[in-house]
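Not measured: the values here are computed from a predicted model.
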Amino acid sequence: MNEPVVNLELAIEHGLSEEEYDKILKILNRTPTYTELGIFSVMWSEHCSYKNSLLQLKTLPKEGKQLLVEAGEENAGLIDIGDNLAVAFKIESHNHPSAVEPYQGAATGVGGIMRDIFTMGARPIAALNSLRFGELDNNRNKYLFDGVVKGIGDYGNCLGIPTVAGEVYFEDCYTDNCLVNAMTVGVANKDRIAKATVKTVGASIYAIGSATGRDGIHGATFASEELSEESEEKRSSVQVGDPFTEKLLLEATLELIKEDVLEGIQDMGAAGLTSSSAEMSAKSGLGIEFNLDKLHLREENMIPYEIMLSESQERMLAICKPGKESEFEIVCKKWDLDFALIGRVTDSKNLTINFKGKTVADIPSYYLSAGDGAPVYKREVKVPDYQNDLNSFDTNNIRSKESTEKEFLKVFSSTNIVSKQWVYHQYDYMVRTNTVIGPGSDAAVVRIKGTNKAISMKTDCNARYVYLDPRTGAKIAVAEAARNVVCSGAKPIAVTNCLNFGNPYKPDIYWQFSESIVGMGEACRVLQTPVTGGNVSFYNESDKWRVYPTPVIGMIGLIEDIKNVTPSGFQNIGDLVYLIGETKNELGGSEYLKVIYDKVAGMPPEIDLEIEKSTNETILNAIKSGYVVSAHDVSDGGLSIALAECCIINKSNPIGIEAKISSELKEHQVLFSESQSRFVISIKPNFKSDFESLCNSNNIIFQSIGETGGNELNINDLFNISLSKLIDVYYNTLPEIMNSK
Amino acid sequence: MKVAIIVFPGSNCDHDAYYSFKKILNVDTDFVWHKESNLDKYDLIVLPGGFSYGDYLRCGAISRFSPVMKSIVANAKKGKLVIGICNGFQILTESGLLPGALIKNENRQFVCKNVKLRVDNSETNFTNLCNLGDTITIPIAHGEGNYYCEDNVLEELKSNQQVVFRYVDDNGQTQNQSNPNGSKDNIAGIINKQGNVLGMMPHPERNAEKLIGNADGLKILNSILTSFGKN
């Protein structure tokens, strides 16, 4: 390939603005080479530079006494959990690739986030995801859903990391832009944490893992624009995953870190060799010099531009401690990994690329690094024109259309409500034998062998609420994730976020974004769950569809004593069942409104973060005191759905209830309102008075609604549905849809 | 008693098997890298689950050429106990230590869940603590666990009581619905004629603690120990 002449036109083709191109000319004081233009274009893309989100992200709370690194400082957040252990965790999007090539897009999304975790010296212990697709009455959506699930499964399963929790939603707005967010949680020895740094001038820099090919060139730029018909032509921007090589890379990386032969290590993710080297160099204030002739390549006649921009998967950039080169090479050889000594640390502060005896790029790394010399913008905000109409929809005028039983079964069989077993049975959620609570509950719980502790984890976001009111919706996303983790018996400790939005250059999108950040920040402050990092994915829109603003929260909770692990579903006959929290007339943005009236409108439920916090603390206190047998949060679909789930989450041992709920509200409001900060819990009868006085002393609203038993779900005698019927609807709806052609 | 957990590149249930034998059962256990050539000092050889060599080409097809396999075959011929779980079962069929083959699940999907197994031979070194016809809960997690063999091989397996486990329903019956992968005759695990090499798709090591299940897997693991006079 011949290198084209670099000029403004070419820069614009690379997604840079005229203003940005001028800035490059000033920085270099000359016209960039083609390689340099490529490097700037990816490093200044939205995906790598966070140029349109950084100012907002900086307002999120990052402080917490358990935090070992600050947000953005390393590849992922790192939390001290005691016992000399730290938990590393992060969520990342792979939306654009998955919308074009669902299997590989999702698979490489998993691979990328795994590398972010093990590059820090943490062994991944669990994977989670958060997925959104258009409705399943559309065959292309089914194809995307099927392919994404297979991709996630095949990659994680082969790697041997259990996929333990997640969420899946279906809504028309995701038809052209499915969302695929993947999260990994890992555990590291606190004194064996690796950093993405260079320290010693002259130290050897190695590329380890797969050979570099032309796959994924401009993947980061591709993710920084709206999808269109031409996107299909960019299929070559989607990388191909090789989980087997990733497994070798995982074991070799952890062994290299354990053997203490590394000075620094960074995975090659978006923008591959370019971003891994530029970021390390900028952060450390030292230069990196590559000789690309040494790198192992997959294809012939690759030019430096292609090599530097390739997003071939399963590669790491490692800086070896001087004098430890032979130990380094022994480990790589043991794991049958290809590696190449491709460069040195220099004292220049530049990223310098040599190829065939010529210097083809020489850029001060500072200007490539997000938040340093890379551009940062404050964008215009404007309330969307439709917002007022949307919010003024009065849910008080909503009446039941049919019998409550019929309406309940309709809501209960919604694809957003029913069990996602069809999905998680394709994921190995048990490997490594630590999964105490697997998928299908409020939050997953993974024990830490050799300690008494366990980690609870969950991804969450009700995007309808965010669409209706971004600030409130983002608060609820945090609160609900915290509540889920509390249900499992854990104290929520920290958050990672994946912010999926439309085009940030559109002021109404940017309003959604900045309002969401305000809400998220407020909730994280009150609930004391600092944001340890995450990922922003803009441009999730097409000519026809715009995704709902979807700021997904990945929440981590700590269970100090494994005996406090609590299931979601009823466990014994004769336990007392309580509804915790206040049920208000809140049907705005509800599943009921969508299923029965085909509307997403009104205002989302209110959220009082102080009440959320004290309720969570009280429930946790009750769990630690041994009162609680099961705890489940009341969320999508409302109380009736939560109760039905409590009966049948434990599919092999379902337990019914005859519930009596007293309320001033109308029947459909009681059953389907999505008021926040509510739980359904069951307790041992002998703890009745202890439990009630605990709630009273904390001013927690509660009511006793019945006791567990029987083979039916009966709510206020409005209906009486057999558990076998509930099980059939809950577990068979999704397989039936997916198996029908 | 000394246990070898064989580690191939891509094995990923090696840690689970190690944990079960070493930490739960307190047995002397080593990880053994696939490049080892001598396994004589071990009493039990475990081929764990996972995706050895990425399951590229065919599950187990590359692993069978690993250096360690020569010693495994030699030891198996001498009568040493060998258990292959999941990918380990696939390697055992690929290397000819067990008959038949494991092909893609009938519905082409990976499947991970708890299943019910019926013990159809309780006289083996791996099931001596079970009763004939016992139903136990053991997890499966595989994409290629659909056991296949020629009809005459199946007849031979049956007449020699070589079918040790079958997938069954809650009532212990072999139904189509209780067959998670399309295996011939609902076969979940078989043993060789000599009775020292067992292959099974389900993972007993994944259900060896109450914390993460009902510990039914211990019935199999403890049976092995019993056959060594331990336990």
Quick one: donor-acceptor pairs under 3.5 angstrom, chain A versus chain B?
unit_1   : atom_1 : unit_2   : atom_2 : d
A:Asn157 : O      : B:Asn12  : ND2    : 3.2
A:Cys158 : O      : B:Asn12  : ND2    : 3.0
A:Asp242 : OD1    : B:Tyr56  : OH     : 2.5
A:His425 : O      : B:Cys112 : N      : 2.6
A:Asp428 : OD1    : B:Arg206 : NH1    : 2.9
A:Asp428 : OD2    : B:Arg206 : NH1    : 3.4
A:Asp428 : OD2    : B:Arg206 : NH2    : 2.8
A:Arg432 : N      : B:Asp16  : OD1    : 3.2
A:Arg432 : N      : B:Asp16  : OD2    : 2.8
A:Arg447 : NH1    : B:Glu209 : OE2    : 3.1
A:Arg447 : NH2    : B:Glu209 : OE1    : 2.6

Query raised in the report: Top residue by heavy-atom pair count (under 4.5 Å) with chain B, among A:Val436, A:Val431, A:Ile437, A:Val149?
Result: A:Val431
Requested in this report: Determine the minimum heavy-atom distance between A:Leu248 and B:Gly10, stating which atoms define it.
Outcome: CD2-N, 4.4 Å
Query - Leading residue by heavy atom contact count with chain A [cutoff under 4.5 Å; candidates B:Gly49, B:Gly54, B:Pro139, B:Gly213] - result: B:Gly54
